[in-house]
Amino acid sequence: MFLKILTVAGLATFEIYAAIPAGFAFGLSSVLIFLASLTGGLAGAVVAAFFGDKIRAFFHKKKPATDETKKHPVITRLWNKYGIAGLGILGTITVGAPISIAVGTGLNVNIKQLLVWCCLGVLIRCSLFTTIGHYGLQLL
């Protein structure tokens, strides 16, 4: 049981869309799935926020800096229209917290403020998709 919860949390650090269905496939309760995916999602956001620059510098020592706006046009449109709150919440719901934080770093956003909004987005995303999964399985 502990390994199943740990697997859901580990999957959620990278992608919540994979973690929640895995939790239901393991037969975990909705509350455990929510808590494990929330913990993993928040851990992924914190790691991306505080170690993102170091990780990027390690892998791209010889590469020149690329323009993040060309790589992620959806996130850039969210930033231009809604600002830091849109990048944090809507970006996290659509593409995930690590990518939103990476793009925010490329746009020179205040990382601490962005992390707060991304954590709120992770909470919304986990609660929404766990609820959809719970009631969706009851329909079957």
Side-chain angles (χ1 to χ4, degrees):
M1 172 97 150
F2 178 72
L3 288 176
K4 292 177 182 179
I5 295 169
L6 194 61
T7 302
V8 171
L11 282 171
T13 58
F14 300 107
E15 191 57 55
I16 292 173
Y17 292 132
I20 293 173
F24 283 114
F26 289 148
L28 298 175
S29 70
S30 299
V31 174
L32 281 176
I33 294 169
F34 170 73
L35 293 175
S37 62
L38 179 67
T39 303
L42 292 176
V46 169
V47 167
F50 292 112
F51 299 115
D53 286 335
K54 293 178 183 178
I55 293 170
R56 188 178 350 165
F58 177 76
F59 284 113
H60 298 291
K61 286 181 181 177
K62 296 180 182 179
K63 283 186 172 181
T66 59
D67 188 16
E68 293 291 333
T69 60
K70 292 180 183 176
K71 283 185 175 181
H72 305 285
V74 173
I75 296 286
T76 305
R77 278 186 276 148
L78 285 173
W79 170 253
N80 291 335
K81 191 169 186 178
Y82 300 110
I84 195 167
L87 180 62
I89 294 175
L90 297 174
T92 299
I93 291 173
T94 56
V95 294
I99 293 175
S100 295
I101 291 174
V103 172
T105 303
L107 295 171
N108 294 324
V109 175
N110 184 348
I111 295 299
K112 290 181 182 179
Q113 289 179 350
L114 181 61
L115 182 62
V116 169
W117 288 107
C118 283
C119 288
L120 184 61
V122 168
L123 176 68
I124 293 169
R125 187 178 184 186
C126 289
S127 61
L128 178 70
F129 289 113
T130 304
T131 303
I132 289 171
H134 174 75
Y135 288 115
L137 284 177
Q138 286 184 350
L139 291 174
L140 296 176

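We count residues from 1, following the sequence as given.
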How far apart are the closest heavy atoms of S100 and V95, and which atoms are they?
OG-CG2, 4.1 Å
Is there a path of hydrophobic side-chain contacts, each under 4.5 Å between heavy atoms of I, L, V, M, F, W or Y residues, that connects V8 with L137?
yes
Check T92 against G121 and note the closest heavy-atom contact, atom names and distance.
CG2-C, 3.7 Å
Looking at every non-hydrogen atom in both residues, tell me the closest pair between F24 and T130 and how far apart they are.
CZ-O, 3.7 Å
What's the spacing between L128 CG and L123 CG if we round to 0.5 Å?
11.0 Å
Testing the basics here: between T13 and P98, what is the closest heavy-atom pair and its distance to 0.1 Å?
O-CG, 4.1 Å
Measuring from T105:OG1 to N110:CG, what's the distance to the nearest 0.5 Å?
10.5 Å
Salt bridge (charged side-chain N to carboxylate O under 4.0 Å, His left out): pairs with one or both residues in residues 35-45, sequence neighbours excluded:
none
With a 4.5 Å cut-off on side-chain heavy-atom distances among I, L, V, M, F, W and Y, is there a chain of contacts connecting I20 to I132?
yes
Residue pairs fulfilling salt bridge (charged side-chain N to carboxylate O under 4.0 Å, His left out) with at least one residue in residues 118-136, sequence neighbours excluded
E15-R125
Distance, nearest 0.5 Å, that separates CG of L140 from OH of Y135:
15.0 Å
I101 reachable from I124 in the ILVMFWY side-chain graph, under 4.5 Å edges:
yes
Do I5 and L3 land in one hydrophobic cluster if side-chain heavy atoms of ILVMFWY residues count as linked below 4.5 Å?
no
Going by salt bridge (charged side-chain N to carboxylate O under 4.0 Å, His left out), name the pairs with one or both residues in residues 18-30, residues two or more places apart or in two chains.
none
So, taking the atom named CD1 in I99 and the one named CG in L87, what distance separates them when rounded to the nearest 0.5 Å?
11.5 Å
Using side chain to side chain donor-acceptor pair (under 3.5 Å) as the criterion, list what pairs up with S30, not counting sequence neighbours.
H134
Acceptor/donor pairs from residues 32-50 side chains to any protein atom, 3.5 angstrom cut, sequence neighbours excluded:
unit_1: S37; atom_1: OG; unit_2: I33; atom_2: O; d: 2.8
unit_1: S37; atom_1: OG; unit_2: F34; atom_2: O; d: 3.1
unit_1: T39; atom_1: OG1; unit_2: L35; atom_2: O; d: 2.7

Value for OG1 (T7) from CZ (F26), rounded to nearest 0.5 Å, stands at 5.0 Å
Compare all side-chain heavy atoms of L120 with those of V116 and state whether any distance is below 4.5 angstrom.
no
Closest non-hydrogen atoms of A22 and L11, given as atom of the first, atom of the second and distance, are CB-CD1, 3.7 Å
Kindly give the heavy-atom pair with the smallest separation between Y17 and P21, and that separation in Å.
O-CD, 3.1 Å
Can you tell me how far CD1 of I111 sits from SG of C118, rounded to the nearest 0.5 angstrom?
8.5 Å
With sequence neighbours left out, which residue pairs that include part of residues 95-106 fulfil the salt bridge (charged side-chain N to carboxylate O under 4.0 Å, His left out) condition?
none
